[in-house]
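Every chain is numbered from 1, with letters handed out A, B, ... down the list of sequences.
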Amino acid sequence: MKFYSVPIEHREHIGGYTLFSYRWEGPVEPGQFAMARFGRFPYTLDPLLARPLSFYDQDGEATSLLFEVRGRGTALLDQADKIEVTAPLGRGFDVNGIDGPCALLGGGIGVAPLKILGRRLEALGVPYDTFLGFADAGTAEISRDFPGARVATMDGSAGVRGTVLDAAPPLEEYAAVYACGPNPMLAAVKRAADGFCQLSVEERMGCGNGSCNACVVPVEGRGYVRSCVEGPVFEAATLAW
Amino acid sequence: MKFYSVPIEHREHIGGYTLFSYRWEGPVEPGQFAMARFGRFPYTLDPLLARPLSFYDQDGEATSLLFEVRGRGTALLDQADKIEVTAPLGRGFDVNGIDGPCALLGGGIGVAPLKILGRRLEALGVPYDTFLGFADAGTAEISRDFPGARVATMDGSAGVRGTVLDAAPPLEEYAAVYACGPNPMLAAVKRAADGFCQLSVEERMGCGNGSCNACVVPVEGRGYVRSCVEGPVFEAATLAW
Amino acid sequence: MVVRTSAELAVELCGIPLRTPLIPASGTLAKEALGEARDVYGAMLPKTVTPRPRQGNPPPRVAETPAGMINSIGLQNPGIDRFLEDLDAYDLGVPLLVSVAGDTVAEFVALCGRLADDKRVSAIELNLSCPNVEHGGLTFCAGPASVAEVVAACRKTAPDKPLLAKLTNEGVLGNAVAAEEAGADGLTLINTVPALSVDPWARKALPGGLSGPAIKPVALRAVYEVSATVEIPVVGCGGVSTGTDVAEFMLAGATAVQVGTASFVREPAEILEEFAGYLEKAGSPARQLTGGLRGYQGS
Amino acid sequence: MVVRTSAELAVELCGIPLRTPLIPASGTLAKEALGEARDVYGAMLPKTVTPRPRQGNPPPRVAETPAGMINSIGLQNPGIDRFLEDLDAYDLGVPLLVSVAGDTVAEFVALCGRLADDKRVSAIELNLSCPNVEHGGLTFCAGPASVAEVVAACRKTAPDKPLLAKLTNEGVLGNAVAAEEAGADGLTLINTVPALSVDPWARKALPGGLSGPAIKPVALRAVYEVSATVEIPVVGCGGVSTGTDVAEFMLAGATAVQVGTASFVREPAEILEEFAGYLEKAGSPARQLTGGLRGYQGS
Ligand SMILES: Cc1cc2nc3c(=O)[nH]c(=O)nc-3n(C[C@H](O)[C@H](O)[C@H](O)COP(=O)(O)OP(=O)(O)OC[C@H]3O[C@@H](n4cnc5c(N)ncnc54)[C@H](O)[C@@H]3O)c2cc1C
Ligand SMILES: Cc1cc2nc3c(=O)[nH]c(=O)nc-3n(C[C@H](O)[C@H](O)[C@H](O)COP(=O)(O)OP(=O)(O)OC[C@H]3O[C@@H](n4cnc5c(N)ncnc54)[C@H](O)[C@@H]3O)c2cc1C
Ligand SMILES: Cc1cc2nc3c(=O)[nH]c(=O)nc-3n(C[C@H](O)[C@H](O)[C@H](O)COP(=O)(O)O)c2cc1C
Ligand SMILES: Cc1cc2nc3c(=O)[nH]c(=O)nc-3n(C[C@H](O)[C@H](O)[C@H](O)COP(=O)(O)O)c2cc1C
Ligand code: FES
Ligand code: FES
């Protein structure tokens, strides 16, 4: 896999997350991701693999990523002045032919791909509502980057108390539902939505380009399918969850 | 082994070598070394081990190391803002009871322990002459840090043409001979000196504190002896070379 | 990055000319990622194929370890029928090797039968070693007897196709000799090393095969010892990540070298470029490196 | 750095109470470096001793590999006589284990005879696995039969000393069962993994044993599979470098854990401190970790 070395131009810590950007002009589809590494091989061999991160935003000049430090991979990225990233990978959200209002649902760091998705919908003139769920007011801070978003927190310290679905009206009202977050949340969204519904799944990845068969999700009638090439965004109905 | 994290306060490239210093007050004996690592474990696992470097100088406040980039270990050290080092290790040069003039001979990066040795001899009021051998005028630049040193280069581009021994008078003139450099040079010094002669040897090290038995040199009548605890400085006569 | 291939880089493996000694390790380069394989590899080698489709193991299928990764994919593949339908997608204008695995000797034979007369296939790699798919609790390379049995049977079925036996590290010397005697034309050493990753917080473990730089010295040892013993060529595999790694495997006795895990974290073209740089400095064409160690370092 | 030992850290190995589950791996902690061992280790374990002094292999004796190192020390040691004279230097106020190796069964027996009645010695580790010293080209743990022979003979000679059999990874399950049946009280898994380092510029190679983080997943697999099969306690060894590594080995089935290579690049007290931090967060005393995996991650 080809990696590009890019200097981090801007870095900000918002609530529990890190937002950083580098100069790259795109294009990128909402929901696509990059594999990111702290340094060029073999700068670190622990971890050895790159980490998948969704594109957060792309304004034609700068590209940004938003991430949560979970383990060593993201901890090193959080310290880097320069990172190694791939070109955009995977299949993003399908916004073709959608004209009614859309619902965008994000859980925790699953907000990441919704910013650029909202930007795309605006460009297309498609109205949308954003609903974001977090553990607490701390992590919910990122919602200030989503003007008009309705927020839920599990501990009730910001917005309504409960999950992201508690902040949203019945999903049938929407022509399309787009969601990203932990698998249990995605499963709940799948149950709640009965129309066009797309979910961005998170599976552990080895390569990001279809080569290793690590990142599979079960798809109705097709067995395990690689989420890095056929996803990470899937039609909810096709997922055999 | 215990490592201390120290910020590099000053860094300079002199000829082919890197000189850097960190704040540490000593004490250190001339000829002792530290194990040095680019970052705290597991910052890099390639290389995994720390590298032995002689103490170059110690003025009671700052401690400096001088090194040549040879492979990945030293290349990483050359980039570090902060390094991990151990306390002084090994047995240095024995200057007790020496009153006549001494000869200090360094070959290439083997000049490293001679600076602090000279400082010690000056403090003791023992006169000495310094002879330094290099490949060429480039690497010989470090000799400007050894005022009065006589220099030889293999290509004749600085000082006399030849080895360090070509720059020196017969070694019998000296009460003590101290040398550091590549093994073939040390063997030549051993042959040329017939009095008190101490050599600082360089063997590949695993631990630096006697634990791994990697760094052995053959000693007359005693088989292989660990150079990290019983050396790196040995009486020339005891080495079974 | 495009490295111009040259006479310096070319090698020959079992009579097959390769324009570079690099081959993708089976199971680590997908059709979708062939773009970066162009002009880099001397041959193409897709993921192991089995008689029927396999859906593989449930995720998570990978875990990381220091300088390595563990995988437990479970040989997910579309089965030989579908594989052969799609085979043209692997045409990179270089020889195509096909890796096969069966649950029984008869299955190996059936697979070789399907490939024996396929002009698109330059050689067959017998995956005798995949530690993820168990047959009576053991793999085909659990011992010399079963290695010999499979290899001999495949040899008979595909008399004109070069056969490479791919082995694990455990028992490699005995198995290598058995494979050679049974008629293998070459050996691929090594497959992943059985290993376990433990998540101490979730208290869960992932058993699987270890690959990546961590196993390079183990693979080098296997290549060194086996190539000193057998006459057939050895393809090195395990942790190859840099141009000097390629040289190390060839010096240890390999005729060609496979790249797997490293291709997930760097561009294979970089490895080839580094290797070309090594050859230039070393003043030697690739084909002259094989077995070129001057002896042990210590002596 | 001093970690206060506590009831949380204590474990019991073959009836020997250890105040922490950490033990230095044989051959990786010298008398000269005992300072940093104080208050960290639950037992002391010096380098393997043989009947007569051994001068070991010529240098270079080590080489580095990704996340690991290769050593070829050749069991340099002063021989049992001199070793016993100096034994008091290893007194850290914790149980002392002694590692022995012979060229023949008779030598193993002679060594155990010297230790059988020595009150200073709490247990004997039989180094059946050192890949550097060859006996007819093979090591003592080349197969179950020779493992059983050595262990049974030592068992008879030192009936009252707990005996740990230290094994290599190759063939570990069969050898472990053989050692248990022959009367071993415990097992140490694993010794270094046979490997090779190649210097592509000098064209020289250093064969030896691989240790360090690179082999951790291989050692974890051995501990997991063996401890699920035998009844006697298993001491984990191989790449332990962090507090969570200690937990991983114990969860996989180890009763205690040895630290080797990592002690060259960090202070063992840090590892113990991290482990104590893990125990606190996990809300479990060390002795309750052993074998505490909840099942495979994938299932
Ligand atoms: C398509 C996709 C897009 C993603 N986008 C974002 C994003 O925009 N922002 C963000 O913060 N996170 C995102 N993630 C999750 C992110 O990749 C993980 O948080 C990250 O890999 C954790 O690495 P670590 O080294 O910090 O943690 P580790 O210590 O490696 O692991 C912590 C946890 O992360 C998961 N994990 C470990 N390795 C991998 C791997 N190779 N691939 C995926 N998950 C792994 C495991 O569940 C593990 O328990 C995305 C994941 C996917 C698949
Ligand atoms: C007591 C002592 C004092 C030293 N003092 C200095 C000094 O002041 N300045 C200086 O520049 N160099 C000094 N050296 C040499 C220095 O340690 C090596 O140059 C360095 O380890 C090379 O590491 P590398 O990763 O850059 O190169 P590598 O790529 O690892 O190796 C390049 C060469 O360095 C040698 N080497 C490799 N690993 C080790 C190791 N673990 N220990 C020792 N040598 C190794 C080998 O001969 C190898 O061929 C000293 C060595 C010793 C033993
Ligand atoms: C994700 C993954 C999938 C693999 N699948 C196969 C396979 O299908 N058949 C096979 O023979 N080897 C398979 N292997 C093993 C590799 O071909 C190779 O032998 C091993 O990974 C060591 O090489 P490396 O360290 O360069 O990866 C796989 C390895 C990985 C990492
Ligand atoms: C330098 C060195 C010397 C060793 N000497 C011995 C020895 O004398 N006896 C022995 O049983 N194991 C010896 N070993 C193996 C270790 O005890 C241990 O089994 C192995 O290194 C794996 O653990 P580690 O990865 O924590 O180092 C040695 C290992 C190293 C690195
Ligand atoms: S991450 Fe490798 S196939 Fe998807
Ligand atoms: S370097 Fe380990 S004993 Fe000297």
Most chain C-contacting option - heavy-atom pairs closer than 4.5 Å, from Ala67(D), Ala214(D), Pro200(D): Pro200(D)
When Ala282(D), Gly292(D), Ala252(D) are compared by non-hydrogen pairs under 4.5 Å with chain C, the top option: Gly292(D)
Contact leader toward chain C among Thr244(D), Leu251(D), Leu289(D), where contacts are heavy-atom pairs under 4.5 Å: Leu251(D)
Proximal component of Ile70(D), with respect to chain C [non-hydrogen, under 4.5 Å]: side chain
Ile215(D) versus chain C, the contacting section by heavy-atom distance below 4.5 Å: neither
Salt bridge present between Arg294(D) and Asp199(C) (N-O < 4.0 angstrom): no
Residue pairs passing the salt bridge (charged side-chain N to carboxylate O under 4.0 Å, His left out) test where at least one lies in residues 62-77 of chain C, sequence neighbours excluded: Arg51(A)-Glu64(C)
Residue pairs, two or more places apart or on separate chains, that pass ring-ring contact (aromatic ring centres under 6.0 Å, His included) and touch residues 238-260 of chain C: none
Point-to-point distance, once rounded to the nearest 0.5 Å, from CD of Glu248(D) to OG1 of Thr65(C): 10.5 Å
Contacting moiety of Ser284(D), where chain C heavy atoms sit under 4.5 Å: side chain
Gap between atom NZ of Lys166(D) and atom CG of Asn191(D) - 0.5 Å precision: 4.0 Å
Rounded distance [0.5 Å steps], OG1 in Thr168(D) versus CD1 in Ile190(D): 8.0 Å
Greatest number of heavy atom pairs closer than 4.5 Å to chain D - which of Lys216(C), Arg61(C), Glu225(C), Glu170(C): Glu170(C)
